[in-house]
Amino acid sequence: MATAACSVPHRCLLPLHLALLAFLLAAAPAAEAWTGEIRGRVVCDVCADSAIGPEDHALEGAEVAVLCITKSGEVINYQAFTNSEGIYSVAETMPESDRWDSCLARPISSFHHHCTRRGDAHSGVKFTYNKQSGNSHIVKAFLYKPVNVPLYCS
């Protein structure tokens, strides 16, 4: 079966344009990616003076929860544990339209044998996440204090 040549040139271009459009739509990314990070520290406030000093030390293995609400209204709950330097971090890559809007970070527990009582007056830190993609939001340090304060702190 032979195919007839196009008698009207602009009609012959329509299938070519449709094919090109389909290719471009398939190759284009669906949404711009966005990456966010939340970091903080957990410290043993040895003298229970609500200030970080030379006698205080990082708490390894402390648990922190971070709850974020996205721009689309989704609630995401993260769990993090501190490293040997007392630092925790949560990070996420998602479409820009679903990025974090506001978050709450709060200490959950300390597994240190001496520093187990929360030293902060507040149970968590609420904040608006307005960082550009690839940037971190730093949360103030969470403090735990010992059950018995050493005598040298008096």
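What you see is a predicted model, and the numbers here were worked out from it, not measured in a lab.
- With a 4.5 Å cut-off on side-chain heavy atoms, Ser136 and Ile138 count as touching.
- In this structure, the side chains of Val42 and Leu143 stay at 4.5 Å or more apart for every pair of heavy atoms.
- For the atom pair CD (Glu92) and OG1 (Thr35), the distance works out to 9.0 Å, reported to the nearest 0.5 Å.
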Test Ile87 against Arg39 for side chain to side chain contact (heavy atoms under 4.5 Å, CB included), laying out the working first. CA-CA 7 Å; Ile87 297 171; Arg39 297 174 47 135; 3.9 Å; yes
When you look at Val125 and Lys140, which way does the side chain to side chain contact (heavy atoms under 4.5 Å, CB included) test go after all the steps? CA-CA 8 Å; Val125 176; Lys140 75 173 187 83; 3.9 Å; yes
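- Listed for the Asp45 side chain is no donor-acceptor partner under 3.5 Å among the backbone atoms of Tyr144.
- For the pair Pro150 and Val46, the minimum side-chain heavy-atom distance is below 4.5 Å.
- At least one side-chain heavy atom of Arg118 sits less than 4.5 Å from a side-chain heavy atom of Pro107.
- Here Cys47 contributes atom SG and Ile52 contributes atom CD1; the two are 13.0 Å apart, rounded to the nearest 0.5 Å.
- Atom NZ of Lys145 is separated from atom CG of Asp56 by 12.5 Å, given to the nearest 0.5 angstrom.
- Ile38 and Cys103 make their closest contact through CD1-SG, 3.8 Å (heavy atoms, listed as atom of the first residue, atom of the second, distance).
- Here the shortest heavy-atom pairing between Ser133 and Ala33 reads OG-O, 4.2 Å.
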Please list every donor-acceptor pair under 3.5 Å in which a side-chain atom of residues 58-68 meets a protein atom from a residue at least two apart or in another chain.
unit_1	atom_1	unit_2	atom_2	d
Glu63	OE1	Ser109	OG	3.3
Glu63	OE2	Gln79	NE2	2.5

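- With contacts defined as side-chain heavy-atom distances shorter than 4.5 Å, the pair Arg106/Ile108 qualifies.
- At distances below 3.5 Å, not a single donor-acceptor pair connects side-chain atoms of Arg99 with backbone N or O atoms of Thr93.
- Side-chain contact check for Asp98 and Thr70: no donor-acceptor pair (N or O, by modelled atom type) lies under 3.5 Å.
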Candidate pair Phe81 and Phe111, rule side chain to side chain contact (heavy atoms under 4.5 Å, CB included), full reasoning: CA-CA 11 Å; Phe81 292 90; Phe111 298 105; 4.2 Å; yes
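- A centroid separation of 6.0 Å or more is found between the aromatic rings of His57 and His114.
- Ion pairing of Lys71 with Asp101 is present here, as a side-chain N (NZ or NE/NH1/NH2) and a carboxylate O approach within less than 4.0 Å.
- Side-chain atoms of Ser110 come within 3.5 Å of backbone atoms of Cys115 as a donor-acceptor pair (strictly under, hydrogens ignored).
- A perpendicular orientation is assigned to the rings of Trp100 and Trp34, their planes being inclined by more than 60° (bins at 30° and 60°).
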Give the intermediate values and the outcome of side-chain hydrogen bond (donor to acceptor under 3.5 Å, both in side chains) for residues Glu37 and Ser89. CA-CA 7 Å; Glu37 181 185 37; Ser89 173; 2.8 Å; yes
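- Heavy-atom minimum distance, Thr116 versus His112: CG2-O, 3.1 Å.
- Heavy atoms of other residues, nucleotides or ligands lying less than 6.0 angstrom from CG of Asn77 number more than 12.
- Side-chain contact between Glu55 and Asp49 is present, with at least one heavy-atom pair separated by less than 4.5 Å.
- Each of Tyr78 and Ile69 belongs to its own hydrophobic cluster when Ile, Leu, Val, Met, Phe, Trp and Tyr are linked at side-chain heavy-atom distances under 4.5 angstrom.
- Qualifying ring-ring contact (aromatic ring centres under 6.0 Å, His included) partners for Phe127, counting only residues two or more places apart in sequence or in other chains: His137.
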